[in-house]
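Input: a single structure, listed below in structure tokens.
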Amino acid sequence: MVHTTWGQWLAPALLDPDLRALLGRDWPRYRQHPAPAGRLILAVSRMVLKHTAAAVLQVPAARLDLATLPGGRPVLRGLGTDLQVSLAHTDELIVAGVSRTGPVGVDAEPAGRRISFEALREHVCTAEEAGRLAALPEQERTQAFLRLWTLKEAYVKALGHGMRRRFPAIGFTWDAAGTARLAGDSTGQWAFATHLVDGRYLVSQAHHPSQAHPPGEAHPPGEAHPPGQVHPPGEVHLSGQAHPPNAVPPQPAAPHIPSLADAPRTPSLADAPHRVPPAQPPHGGRVLDFPGRRGSGPR
């Protein structure tokens, strides 16, 4: 999962002479969008997603054909399930998720967003979730509710259902370590994670690792590595930031839905670069991995 800001990619998007080819079937939508800001976000989000997928597949980004299914799910035409993708953006943040081993979904919201639990509980929560949230102090309740909301958004995006899936029909529980589990998923077929990104955004991801890692194939960038940074054109590094990594605090056991403070914060990097062939994206992206993910295959 890669996150960046649309401002970091704005100049490369506007100055790219191949923007039309890169946007492909989104070009008419880009040209006809009524709002200038909407056009820029559309262009940048597609560039981020295509360059992320290109780095995994080790192909030029312009060769990828991005389309949207009726439910709103982005797909790379011609690849089938070989690489599945998801996209989210809120305020300045853009998040792209890619997976070679099954469906993936990502969602993001500002961590300080003010929302009314009482007004939205019936539209988001199961009865059990609503009861647990109602028992929390107000500030903790708001944070936990927002985390639950982003998890459900990420899950339905991974399914490709969009707004057709009612959130109260989807239940979550939390284990003693604070890890989200899908209610009824006793075998743990789905994996979920929530990150606090840049101290301002809550980002959740859902993944169904339904395919085995192809034997003898190199892992795509980001696999089993801490967050990294995508550097300017010429070569792509998933490498360290300037300051040392912060330790991720252990998740305390809790009988209720954990608060936002329980979500793992995005660590910084001071590791050696992990290089992939030059897909030449603009600068600014950082990669997040599933904490404590089982298995050796990529997503």
Side-chain angles (χ1 to χ4, degrees), residues 1 3 86 88-95 97 104-159 161-186 188 190-207 227 246-267 288 290-292:
M1 183 174 73
H3 69 88
S86 184
H89 56 82
T90 182
D91 291 349
E92 296 179 351
L93 187 72
I94 296 175
V95 182
V104 62
V106 296
D107 189 63
E109 289 288 347
R113 179 179 176 183
R114 300 177 66 88
I115 54 177
S116 172
F117 169 68
E118 295 300 330
L120 296 172
R121 60 186 295 175
E122 294 183 358
H123 301 283
V124 176
C125 302
T126 66
E128 182 179 2
E129 291 166 346
R132 290 179 177 179
L133 287 168
L136 298 177
E138 182 176 358
Q139 183 175 2
E140 188 176 351
R141 180 194 309 135
T142 300
Q143 295 173 347
F145 181 56
L146 190 58
R147 182 182 182 188
L148 178 66
W149 192 346
T150 58
L151 283 168
K152 293 192 177 187
E153 288 275 10
Y155 175 60
V156 298
K157 285 184 176 182
L159 294 175
H161 292 173
M163 298 303 293
R164 295 175 295 175
R165 188 69 175 263
R166 295 182 61 252
F167 283 1
I170 305 166
F172 277 91
T173 60
W174 276 261
D175 61 20
T179 304
R181 304 292 184 192
L182 187 65
D185 183 17
S186 58
W190 283 89
F192 299 92
T194 303
H195 307 270
L196 186 61
V197 173
D198 294 339
R200 295 187 296 157
Y201 300 105
L202 193 64
V203 176
S204 288
Q205 53 191 134
H207 177 233
N246 299 317
V248 179
Q251 299 278 357
H256 52 69
I257 298 176
S259 69
L260 180 58
D262 298 322
R265 293 180 178 269
T266 308
L288 292 169
F290 279 105

Completion exercise
For Pro168 and Cys125 the tightest heavy-atom approach is CB-O, 3.6 Å
Practice task
For residues Ala88 and Val106, report the shortest heavy-atom separation together with the two atoms involved.
Solution key: CB-O, 3.6 Å
Practice task
Without swapping roles, check the side chain of Glu140 against the backbone of Pro137 for a donor-acceptor pair under 3.5 Å.
Solution key: no
Practice task
Measure the spacing between OG1 of Thr173 and CZ of Arg132 and express it to the nearest 0.5 Å.
Solution key: 6.5 Å
Exercise for the section: Compare all side-chain heavy atoms of Lys152 with those of Glu129 and state whether any distance is below 4.5 angstrom. Expected result: yes
Return a table of donor-acceptor pairs under 3.5 angstrom between the side chains of residues 110-117 and protein atoms on other chains or two or more places apart.
{"from": "Arg113", "atom 1": "NH1", "to": "Glu109", "atom 2": "OE1", "distance (Å)": "2.9"}
{"from": "Arg113", "atom 1": "NH1", "to": "Glu109", "atom 2": "OE2", "distance (Å)": "3.2"}
{"from": "Ser116", "atom 1": "OG", "to": "Ala119", "atom 2": "N", "distance (Å)": "3.1"}

Exercise for the section: Answer yes or no: is there a side-chain heavy-atom contact under 4.5 Å between His3 and Val203? Expected result: no
Handout entry: Residue pair Thr126 / Gly171: nearest heavy atoms and the distance that separates them
Key = CG2-CA, 3.7 Å
Problem - Heavy-atom closest contact (Gly105 atom, Ala158 atom, distance) - result: N-CB, 3.6 Å
Exercise for the section: Apply the test side-chain contact (heavy atoms from CB on, under 4.5 Å) to residues Ile170 and Leu182: give CA-CA distance (whole Å), side-chain angles for both, the deciding distance (0.1 Å), then the verdict. Expected result: CA-CA 8 Å; Ile170 305 166; Leu182 187 65; 3.8 Å; yes
Exercise for the section: For the pair Asp107 (side chain) and Glu153 (backbone), establish whether a donor and an acceptor sit closer than 3.5 Å, ignoring hydrogens and angles. Expected result: no
Handout entry: Trace of the side-chain contact (heavy atoms from CB on, under 4.5 Å) decision for Thr194 with Phe192
Key = CA-CA 7 Å; Thr194 303; Phe192 299 92; over 6 Å; no
Exercise for the section: Output yes when a side-chain donor or acceptor of Lys157 lies under 3.5 Å from a complementary backbone atom of Ser86, and no otherwise. Expected result: no
Handout entry: 4.5 Å side-chain heavy-atom contact, Leu120 and Trp149
Key = yes
Handout entry: Distance-minimising heavy-atom pair for Leu133 and Arg141
Key = O-NE, 3.1 Å
Practice task
Find the distance between CG (Asp185) and CH2 (Trp190) and round it off to the nearest 0.5 Å.
Solution key: 9.0 Å
Practice task
Determine whether Thr179 and Trp174 make a side-chain contact, defined as any pair of heavy atoms from C-beta on separated by less than 4.5 Å.
Solution key: no
Handout entry: With sequence neighbours excluded, residues passing salt bridge (Lys or Arg N to Asp or Glu O under 4.0 Å) with Glu138
Key = none
Handout entry: Listed partners of Glu92 passing salt bridge (Lys or Arg N to Asp or Glu O under 4.0 Å), at least two apart
Key = Arg200
